[in-house]
Amino acid sequence: MTEERDAATWLQLMLVAFVANGIGPFGLKILTELGLATTYQAQYLLYWYLGGFVFAAAALWRSGLRPRGSEIRLGALMGGCSLLGQSFTGLALANGMPGHVVFPITTGGSLFLVAAAGLLLFKEKVGPYGLAGMVLGIAALVGLSLG
Amino acid sequence: MLLGLLSFGMLGILHKLADVKKGRPPAINALLAVSSLVMVFGFVLFGTVGGPVVPRVVALVAIPFGISASVAILAFQAGVKHGHIATSWLAINLSAGIPTVASILIYDEPVGTAKALALALIPVSMFLLWQDKKQQERRS
């Protein structure tokens, strides 16, 4: 067992990411229930990203690292992709595309795209359990969007 | 919609690329956060009527949930080092079940058959992904 490929560490980190990522969007639901989402959605996102930035800056400061050029470029690109993904999805919904069409396609499609890139571009090898997990996982996400 | 799909897909691929290029998770997370913040700030400043001034409750709700999302990105970027992007990206996306469950429990949202079945599939899928990871470890 190497440090780079550790199943227990992977599971622990993925569970943290799973729970934290799941909690992340719930604030918007609270805002909706308070009747403030329509008026302050963009501003909500600003403070949401501000909270994320404060934590990320603290984590970077604590690590004592100085960002390299490649990290700056990749981080900026990732931030752009995150924001564009949200914006384009929002635009599709605002232009009358129903949610039960938009969410399964964007979620399922992006999962398929990343899985294909992992397998073809990065030559990752996924076994039968992994393939079954991926099929069931994509089905679950499409089901959630439709339900 | 297609552009949304491509943007989210590119985000997943860039997480893997950052790992391949030996990007360090705290640095990647911080740069992702600062670039998103700058872009949203520009939009709020020039693209909205009210600007960044909001009722206190909006900021009080937004900030802790933003922190949670940032924790997720940091853990995910660190986790990609130990697994495949094909399965890790799915694992983090399956978290869509959490706000759904929270809405059911807190706001009494109705649960249809499709939603209940989808929620039941999430732990099964996670278990299978973990089994795959363990199998890879035994092979290597």
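Below, chain A is the first sequence line, B the second, and so on; all start at residue 1.
Shown are B/Leu32, B/Leu11, B/Leu6, B/Ile13; of these, the side-chain contact (heavy atoms from CB on, under 4.5 Å) with A/Cys81 is made only by B/Leu11.
The main-chain N or O of B/Met39 is never found under 3.5 Å from a side-chain atom of A/Tyr49 such that the two would form a donor-acceptor pair. Between the side chain of B/Ser125 and the main chain of A/Gly133, a donor-acceptor pair closer than 3.5 Å is present. The backbone N or O of A/Gly52 lies less than 3.5 Å from a partner atom in the side chain of B/Ser70, making a donor-acceptor pair. Here the side chain of B/Gln135 pairs no donor or acceptor atom with the backbone of A/Tyr129 at under 3.5 angstrom. One N or O on the side chain of B/Asp132 and one on the backbone of A/Gly127 form a donor-acceptor pair closer than 3.5 Å. At least one donor-acceptor pair under 3.5 Å links the side chain of B/His84 to the backbone N or O of A/Lys125. The closest donor-acceptor contact from the side chain of B/Ser68 to the backbone of A/Ala20 lies under 3.5 Å. Although no hydrogens or angles enter the test, the distance criterion places no donor-acceptor pair under 3.5 Å between the side chain of B/Gln131 and the main chain of A/Gly130.
Using a 4.5 Å cut-off between heavy atoms, B/Val58 touches chain A through backbone and side chain atoms alike. For chain B, no part of A/Leu131 is nearby; none of its heavy atoms comes within less than 4.5 Å. At a 4.5 Å heavy-atom cutoff, the contact between A/Leu83 and chain B is made by side-chain atoms alone. With a threshold of 4.5 angstrom between heavy atoms, B/Val101 does not approach chain A through any atom at all. Within the 4.5 angstrom heavy-atom criterion, only side-chain atoms of B/Leu74, from C-beta onward, approach chain A. Contact annotation for B/Ile106: only side-chain heavy atoms (C-beta onward) come within less than 4.5 Å of a heavy atom of chain A.
Residue pairs satisfying the ring-ring contact (aromatic ring centres under 6.0 Å, His included) criterion with at least one member in residues 31-78 of chain B, sequence neighbours excluded, are listed as follows: B/His15-B/Phe76, B/Phe76-B/Trp89.
Interface summary for chain A: among B/Gly47, B/Gly50, B/Pro52, B/Pro25, the most heavy-atom pairs under 4.5 angstrom belong to B/Pro52.
By the salt bridge (Lys or Arg N to Asp or Glu O under 4.0 Å) test, A/Arg68 pairs with A/Glu71, sequence neighbours left out.
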